[in-house]
Structures are given as structure tokens and as C-alpha cells.
Amino acid sequence: MSEARIIDGKAFAADLRGRIGVAVHRLKTEKGLVPGLAVVIVGEDPASQLYVKNKGEQSRMAGLHSVTHTLPAETTQEQLLRLVNQLNHDPAIHGILVQLPLPKHIDSNAVLAAIDPDKDVDGFHIVNAGRLAVGLPALVPCTPLGCLMLLKDVIGELRGLHAVVVGRSNIVGKPMAQLLLQADCTVTVAHSRTVDIAETCRDADILIAAVGRPEMVRGDWIKEGAVVIDVGINRVPSADPEKAAQGKTRVVGDVAFEEAKAVAGAITPVPGGVGPMTIACLLLNTVTAACRSRGLPLPEELV
Ligand code: GUN
């Protein structure tokens with residue numbers, strides 16, 4: 001038995017961003033279309049600030065028109081809704097992302113519902129969830145879209161494979177299951193109330209872990225040769241007790257990587273697997289939204 005192939009999401013994402021850059025340049029020169037992304041952040045959560053900074057930088061590097069709206073934590077829901085409405089009507093903006101979490105006094109669902117579904121590059125609007133569920137052209141949440149791209153790159157044809165998705169969140173688990181169904185997989189969604197989750201996972205040709213529990217999926221949950229996609233990003237104390245005592249941490253996934261690597265056919269590492277795909281797919285969704293707004297097909301570099 002050989003060790004699993006390590007799926008290099010960082011390299012795949014860099015290649016995708018490169019292709020997006022080429023496509024954006026052609027859209028600009030040939031069609032006079034500059035895809036525009038507006039990112040809105042409310043408050044000063046450091047993790048959110050870092051995400052938003054990375055989104056802005058990577059958008060600009062790919063040639064997108066990128067605008068960041070930084071609002072104070074005291075912003076009212078009404079003020080935020082007014083900004084969303086303004087962006088909905090701005091012809092230079094094709095994608096709108098409101099960074100989550102929002103401050104407690106703001107109803108996130110009301111804000112997400114106010115975004116024009118055709119500009120909803122997060123794919124969080126219920127109209128996009130519905131479109132995805134019935135197989136209409138949708139904007140698809142970035143993380144599951146990135147997972148699907150990695151799976152197709154590693155496996156090729158997914159038809160007939162048994163995919164087990166562990167986790168049923170609206171952002172990852174549910175849309176992931178829909179995408180795998182659309183790719184003709186047989187799909188099982190496992191979750192905290194599944195009776196024998198290990199046994200369910202052992203039947204998976206494709207195993208997606210998206211639960212947010214550090215190293216929950218063990219090596220003996222995995223069928224030999226299965227392709228394992230680890231969506232988890234969990235911060236835990238350093239493995240070195242001395243460093244842990246100093247408060248040092250490390251990031252692990254939802255899969256016990258070393259155990260899984262000995263059994264799986266291919267596996268995404270954490271970090272460097274799914275994570276880098278998420279922002280690349282946000283740029284891709286912005287280009288998709290811009291092209292659809294003009295009735296243009298997606299540039300050939302991105303098909
Ligand atoms: N917060 C953490 N990840 C995300 C994301 O993908 N989209 C939004 N809107 N907020 C987030």
C-alpha cells in the first residue's frame with residue numbers, strides 16, 4: 001500500500017488565479033468589461049480584517065475592479081442595507097460580499113437576503129441555494145466550488161462514485177452535496193446525529209470533512225484509495241508541550257492527516273489544501289457574475 005497523493009490546493013489556486021487574470025485582461029480589451037467586486041466589512045474582527053485584505057489584494061492582482069467598504073462596528077442595519085442597495089444598483093460592481101460574522105445587533109439573514117442574487121458571489125442567498133438545488137445556473141458558495149474543482153482535477157469523472165459529506169452547514173455541507181449530486185455521485189450527508197458515522201465514512205470513494213472539529217475523521221474511517229477533502233481549519237495548542245504552555249498554536253483540519261495519508265488515495269493538507277481555493281473561487285464567481293450580466297459566456301480559460 002502506497003501513501004496518498006497530497007493534493008496541492010495552493011498550486012491549483014495559483015494556476016486558477018493566473019487563468020482568471022488572463023480571462024479578465026481579454027474581457028477588458030475585447031469586450032470593455034471590467035469585473036468589479038465590492039467587499040463590505042463591519043467592525044474590527046482581526047480574522048475578518050485579514051480575510052478582507054487578502055480578498056482585495058488577490059482581486060486587484062487578477063485585474064478586477066476591487067472596492068472595500070470598511071464600516072464601524074456601530075453601523076446600523078439600516079445603514080448597511082442602504083449600502084447593499086447602492087451596490088446592487090452600481091453598474092461597475094458585479095459581485096458583492098458582506099464579510100461574516102456581522103455585529104450581533106445586525107440580522108445577517110436580512111442583509112444576505114438584500115443582496116441582488118445575481119451579484120451574490122458568496123452564493124449565500126436563498127435564491128442561489130434554490131437555483132443550485134434545481135440545477136439552474138447559480139452562484140455557488142466558494143468553498144464547495146473549490147472542493148469540486150480539486151476533485152475533478154484528481155479523479156476526472158465522478159459519475160457513480162459514493163461521496164460522503166460530513167457536515168450539513170448551509171455554507172459547505174449542503175451545497176457540496178448538491179454539487180456532487182449534479183456530478184452524478186451517490187451522495188450521503190453525515191452529521192452529528194448519524195448513527196455510525198465511522199461506518200458510513202468507510203464506504204466513501206470521496207470523503208468531504210466539513211464539521212469544524214479538529215482531527216475528528218480517523219484513519220480507520222477511510223476506505224483504501226479514497227479521495228479525502230478536508231475543509232476544516234481548526235486552531236489547536238502546539239504539539240510541543242513547551243510551546244503549548246507559551247500559548248503557541250497550530251492549525252489542523254477535520255481529518256487526522258497522518259493516519260489518513262496512510263490509507264487514502266489522495267488527500268488535501270491543512271493548510272495548503274482547500275483554503276487557498278476559496279478566494280480563487282470568489283474571483284471566479286465575480287467573473288461569472290460579470291459575464292452573465294452582459295449575456296457573455298465564461299471565457300474559455302475558465303471553462
Ligand atoms: N467569513 C469567513 N468566511 C467567509 C466567506 O467565505 N464569506 C463571507 N461573506 N464571510 C466569511
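Whatever order the structure lists ligands and atoms in, that order sets their numbers, starting from 1.
A salt bridge links D118 to R131: one of the charged nitrogens lies within less than 4.0 Å of a carboxylate oxygen.
Below 3.5 Å of separation, one finds no N or O of T278 facing any N or O of ligand 1. Below 3.5 Å of separation, one finds an N or O of V98 facing an N or O of ligand 1.
If you check which protein heavy atom lies closest to atom 2 (C) of ligand 1, you get Q99 NE2, 3.6 Å.
Here L100 has heavy atoms under 4.0 Å from ligand 1 in both its backbone and its side chain. Only the side chain of L97 comes within 4.0 Å of ligand 1, counting heavy atoms alone; its backbone N, CA, C and O stay farther away.
Summarising the geometry of L80 relative to T75, their closest heavy-atom pair is N-CG2, 4.1 Å, with the distance given to 0.1 Å.
Between I279, D122, I171, it is D122 that holds the heavy atom closest to atom 8 (C) of ligand 1.
K119 has its side chain out of reach of L87: every pair of non-hydrogen atoms, C-beta onward, lies at least 4.5 Å apart.
Heavy atoms from other residues, nucleotides or ligands lying under 6.0 Å from CZ of R218 number more than 12. Heavy-atom neighbours of E78 CD from other residues, nucleotides or ligands within 6.0 Å: at or below the threshold of 12.
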